[in-house]
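Read the structure below first, then the notes.
What you see below is based on every heavy atom in this structure, not just the backbone, and it leaves out hydrogens, waters and symmetry mates. We number each residue from 1, following the sequence as shown. We count ligands from 1, going down the list as the structure has it; atoms in each ligand are counted the same way.
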Amino acid sequence: MAVPSRRVTNDELAKTIDTSDEWIRSHTGIGARHIADKDTAASDLGLAAARKTLALAIERGAVGEKSPEELALTLDLIVVGTSTQDYYSHPATACLVQRALGAKNAAAMDITIACSSFIYGLETAAALLKADARRNRALVIGVDLLSRITNWEDRATCILFGDGAGAVLLEKTAAKTVPGGILRTILGADGSGWEYLILRRGGSRNPWKKGEVVEEVPAIAMDGRAVYNFAVKVITETIARIMEEENIALDDLALIVPHQANARIVQAAAKRLKIPEELFYLNIEEYANTSSASIPIALDELNRAGRLKKGDLIITVGFGAGLTYGGNLIRW
Ligand code: ACO
């Protein structure tokens, strides 16, 4: 994972907008967020997370290669989940990461479905590895700098978001030797909620016009209540479906790693599912909602803290603009 060093507390935000640490904590569970400096873009944070991932794989003896450069050359695919690409539409941010890593043999693509991008990205990468016997390794990155598309005067949205990146290295192995990996993924969308989380300006529907004076930075508009209700519903249903369809009992699960959007969403889902809240990993207090990055950041924290043991069964689950949602069942 990689997060910017600049840490902005709720109290600091309360100096510029009408809010308070008490309101933000009690309504969201957020205590701080990390915000990128003006020279940092998605590929920079994504690259930092990617380099650390390759270094960790070598350090842990998970691969035979001795240097990140050597390991980068073995990558067949780089998938970047992001909705805040370095450049608007061209080129894909994954291509910038591919170049900087020196991953000459890797195909590169972005996945853009807001906060669900990492979950979709993981399944896409796994499916592409399976589809060709010659593809063996993929790097999946989740990175977002929502601070760039946030209206910092809108207290209903700006308190929610932070910047960050996380990455995982996927390797195809013979199922007989390692009975693990991504066992099952559920992906879904409900386009009827397309307007609940939206960045209206800049696309082919509302392009910038010659001579236009930009008075406001284009920013995410959100119907918070509608997103909240959707989130609780799909998180509950996705976890229940995975457990039921894959025959998983509560005792089989080591952890659930949810997208970190609002602690209250997770608490409400836990209550509906009658699953103890402690089974859900939450780090939203420190990073706020980092969108595509929130799940890989959580995985890295858990992994480095020794809380994920080989063979552990975990579920990742999330939702985002679109509206979209999904979950992965993973044997660590
Ligand atoms: N500080 C103080 N007061 C505030 C703030 C704030 N930051 N924000 C809103 N309020 C006020 C409102 O003005 C309102 O005041 P009123 O009653 O006088 O009108 C009151 O607090 C309650 O506002 P609500 O919007 O009803 O608050 P709610 O409890 O619904 O919480 C929240 C709002 C936190 C945004 C919640 O709806 C939520 O978390 N929604 C989901 C958001 C989300 O997950 N987004 C995901 C984005 S993912 C992606 O794809 C980018």
Side-chain angles (χ1 to χ4, degrees), residues 8-33 42 81-85 110-121 142-165 187-191 193-200 218-236 238 258-269 280 282 284-285 287-295 297-298 316-327:
V8 179
T9 62
N10 295 339
D11 284 332
E12 189 176 339
L13 275 187
K15 287 183 189 150
T16 53
I17 52 165
D18 182 15
T19 190
S20 64
D21 181 56
E22 195 282 324
W23 194 97
I24 299 172
R25 279 183 190 275
S26 60
H27 285 74
T28 68
I30 295 167
R33 69 283 296 140
T82 183
S83 295
T84 45
Q85 294 90 338
D110 288 356
I111 294 225
T112 303
I113 14 168
C115 307
S116 307
S117 300
F118 183 76
I119 287 170
Y120 270 64
V143 56
D144 265 307
L145 280 74
L146 290 187
S147 67
R148 294 284 153 76
I149 52 169
T150 295
N151 176 354
W152 287 96
E153 287 163 15
D154 174 18
R155 68 178 184 173
T157 53
C158 78
I159 54 132
L160 297 171
F161 303 130
D163 301 335
L187 302 176
D190 178 1
W194 66 279
E195 270 195 299
Y196 294 154
L197 265 165
I198 189 163
L199 185 63
R200 292 186 187 277
I220 301 175
M222 179 180 77
D223 180 335
R225 187 45 56 184
V227 176
Y228 185 100
N229 292 339
F230 173 81
V232 174
K233 180 173 175 288
V234 295
I235 286 181
T236 307
T238 303
H259 168 48
Q260 314 277 319
N262 184 332
R264 282 170 58 202
I265 292 174
V266 173
Q267 286 151 3
F280 290 80
L282 278 176
I284 190 170
E285 185 179 9
Y287 305 112
N289 178 352
T290 55
S291 194
S292 312
S294 81
I295 290 174
I297 286 176
T316 63
V317 64
F319 62 93
L323 297 165
T324 53
Y325 62 93

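For the pair L13/I159, a side-chain contact is recorded, criterion being any heavy-atom separation below 4.5 Å from C-beta on. Here the side chains of I297 and Q260 are not in contact, with every heavy-atom distance at 4.5 Å or above.
Listed by chain and number, residues touching ligand 1 at under 4.0 Å (heavy atoms only) are D18, T19, W23, H27, T28, A114, C115, R155, A156, I159, L197, M222, G224, R225, V227, Y228, A261, N262, R264, I265, N289, F319, G320, A321.
No salt bridge links E12 with R33; every basic N to acidic carboxylate O contact stays at or beyond 4.0 Å.
Here salt bridge (Lys or Arg N to Asp or Glu O under 4.0 Å) pairs that include residues 13-28, with residues two or more places apart or in two chains, are D18-R155, D21-R25, R25-E285.
Across D110, T84, D144, T82, a single residue satisfies side-chain hydrogen bond (donor to acceptor under 3.5 Å, both in side chains) together with S292, and that is D144.
The environment of Y196 atom OH is sparse: at most 12 non-hydrogen atoms of other residues, nucleotides or ligands sit within 6.0 angstrom.
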